[in-house]
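Nothing here was measured: the structure is a model prediction, and the numbers come from that model. Residue numbers count from 1 along this sequence.
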Amino acid sequence: MKRQDYIHWDAYFMGVALLSAQRSKDANTQVGACIVSPENKILSVGYNGMPTGCDDDLMPWGREGSALDTKYLFVCHAELNAILNTPAGKLTGARVYVTLFPCSECAKAIIQSGIKEVIYLSDKYADTDSTRASKKMFDMTGVSYRPYEVTGTELTLSL
């Protein structure tokens with residue numbers, strides 16, 4: 001008889017997203033993403049960080065000050081990194097597991113790439129215009145989204 005207490009696909013892929021988030025050098029927010037094919041094959045992973053070739057030690061990581069003195073104009077989000085790390089044309093029908101609900105910029109990239117489902121761990125910015133815009137675009141384009149749900153058969157996941 002096969003064992004019955006193996007982890008669900010959602011737990012497995014969210015675990016990969018959480019592990020990917022640990023690569024982020026951002027002192028305040030670590031976000032990870034894992035893109036998966038309809039056949040449950042990992043296509044790509046990503047985390048929030050500076051663009052390739054930009055020296056992390058020379059880039060700003062702060063959250064306050066003038067725009068050019070903060071991370072916001074420079075950091076590449078986890079979802080976008082995962083999309084950009086995937087060979088072109090391979091994301092049609094895929095789903096993305098992400099530790100934080102996508103911002104509107106990442107939502108646009110998700111839609112354009114052909115990803116059809118978003119599974120998220122946290123929606124802590126649900127009341128922001130960016131998240132509202134993301135949900136509006138997802139609803140208009142048929143990209144489904146749902147919170148990650150603990151089933152009781154997964155490993156203990158922590159942020």
Side-chain angles (χ1 to χ4, degrees), residues 1-26 28-54 56 71-72 74-126 128 130-159:
M1 176 184 285
K2 72 177 185 179
R3 65 181 263 247
Q4 299 297 314
D5 61 344
Y6 56 90
I7 64 172
H8 186 272
W9 284 118
D10 280 357
Y12 179 70
F13 298 129
M14 189 58 75
V16 172
L18 283 163
L19 185 61
S20 296
Q22 297 305 304
R23 284 286 310 148
S24 175
K25 295 174 184 166
D26 190 320
N28 296 295
T29 306
Q30 299 81 45
V31 179
C34 177
I35 301 177
V36 182
S37 75
E39 299 79 29
N40 294 319
K41 306 290 186 218
I42 294 175
L43 300 173
S44 184
V45 295
Y47 55 90
N48 59 313
M50 295 299 170
T52 302
C54 292
D56 293 331
K71 64 184 178 179
Y72 298 112
F74 302 102
V75 168
C76 189
H77 288 182
E79 306 92 323
L80 185 57
N81 266 329
I83 288 167
L84 294 173
N85 289 338
T86 307
K90 299 291 185 185
L91 298 178
T92 302
R95 61 190 187 277
V96 61
Y97 290 80
V98 63
T99 58
L100 184 62
F101 197 91
C103 70
S104 59
E105 290 300 312
C106 290
K108 290 184 268 187
I110 288 167
I111 292 163
Q112 291 295 95
S113 72
I115 292 170
K116 289 299 178 190
E117 185 177 16
V118 176
I119 300 94
Y120 59 93
L121 186 60
S122 171
D123 194 8
K124 72 178 181 176
Y125 299 113
T128 66
S130 180
T131 299
R132 287 186 185 116
S134 296
K135 291 176 181 177
K136 181 176 183 172
M137 289 186 286
F138 287 156
D139 291 343
M140 291 178 78
T141 59
V143 174
S144 63
Y145 51 92
R146 63 181 168 87
Y148 169 75
E149 294 183 23
V150 176
T151 62
T153 60
E154 56 270 313
L155 299 171
T156 301
L157 303 176
S158 62
L159 292 174

Looking only at non-hydrogen atoms, find the nearest pair between G93 and P38 and report the distance.
-> O-CG, 3.4 Å

Straight-line distance of I110 CD1 to Y145 OH, nearest 0.5 Å = 12.5 Å

Are K2 and Q4 close enough, and set up right, to give a side chain to side chain contact (heavy atoms under 4.5 Å, CB included), and what steps lead you there?
-> CA-CA 6 Å; K2 72 177 185 179; Q4 299 297 314; 3.7 Å; yes

When you measure from the side chain of R95 to the backbone N and O of K116, does any donor-acceptor pair fall under 3.5 Å?
-> no

Minimal heavy-atom distance between P51 and F74, with the atoms involved, is CD-O, 3.3 Å

Counting N and O atoms only, with roles assigned by atom type, does the side chain of S24 sit under 3.5 Å from a partner on the main chain of G49, one being a donor and the other an acceptor?
-> no

Going through the distances and angles, do M14 and I119 end up as a side chain to side chain contact (heavy atoms under 4.5 Å, CB included)?
-> CA-CA 8 Å; M14 189 58 75; I119 300 94; 4.1 Å; yes

In this structure, CD1 of I111 is separated from SG of C106 (nearest 0.5 Å) by 11.0 Å

What one should report as the nearest heavy-atom pair of L91 and S113 is CB-O, 3.5 Å

Nearest heavy-atom neighbours spanning A82 and S44 = O-OG, 2.7 Å

Donor-acceptor contact below 3.5 Å, side chain T99 vs main chain G32 = yes

With L43, the side chain to side chain contact (heavy atoms under 4.5 Å, CB included) member among C34, S37, P87 | S37

Given the rule in the side chain to side chain contact (heavy atoms under 4.5 Å, CB included) test, do N85 and I35 qualify, once you have shown the distances and angles that lead to the verdict?
-> CA-CA 10 Å; N85 289 338; I35 301 177; over 6 Å; no

Do the rings of Y97 and F13 sit parallel, tilted or perpendicular, given the 30° and 60° boundaries?
-> tilted

Please check if atom NZ in K135 has more than 12 non-hydrogen atoms from other residues, nucleotides or ligands closer than 6.0 Å.
-> yes

To the nearest 0.5 Å, atom CZ of F138 lies from atom OG1 of T131 at 9.5 Å

Heavy-atom distance under 4.5 Å between the side chains of I115 and I83, does that happen here?
-> yes

Do S130 side-chain atoms and C103 backbone N/O form a donor-acceptor pair below 3.5 Å?
-> no

Does N48 reach the main-chain N or O of T29 with its side chain, forming a donor-acceptor pair under 3.5 Å?
-> yes

Any sub-3.5 Å donor-acceptor pair from S134's side-chain atoms to P102's backbone N or O?
-> yes

Does the side chain to side chain contact (heavy atoms under 4.5 Å, CB included) test come out yes or no for R146 and D10, once each step is laid out?
-> CA-CA 11 Å; R146 63 181 168 87; D10 280 357; 2.8 Å; yes

Could you tell me the separation between the OG1 atom of T141 and the CD atom of Q112, rounded to the nearest 0.5 Å?
-> 9.5 Å

Specify whether Y120 and F101 have parallel, tilted or perpendicular ring planes, treating 30° as the upper limit for parallel and 60° as the lower limit for perpendicular.
-> perpendicular

Residues M137 and A107: closest non-hydrogen pair is CE-CB, 4.0 Å

Which atom names give the shortest non-hydrogen contact between N40 and W9, and what distance separates them?
-> ND2-NE1, 3.2 Å

Flag the pair L18 / L121 as yes when at least one side-chain heavy-atom distance between them is below 4.5 Å, and no otherwise.
-> yes

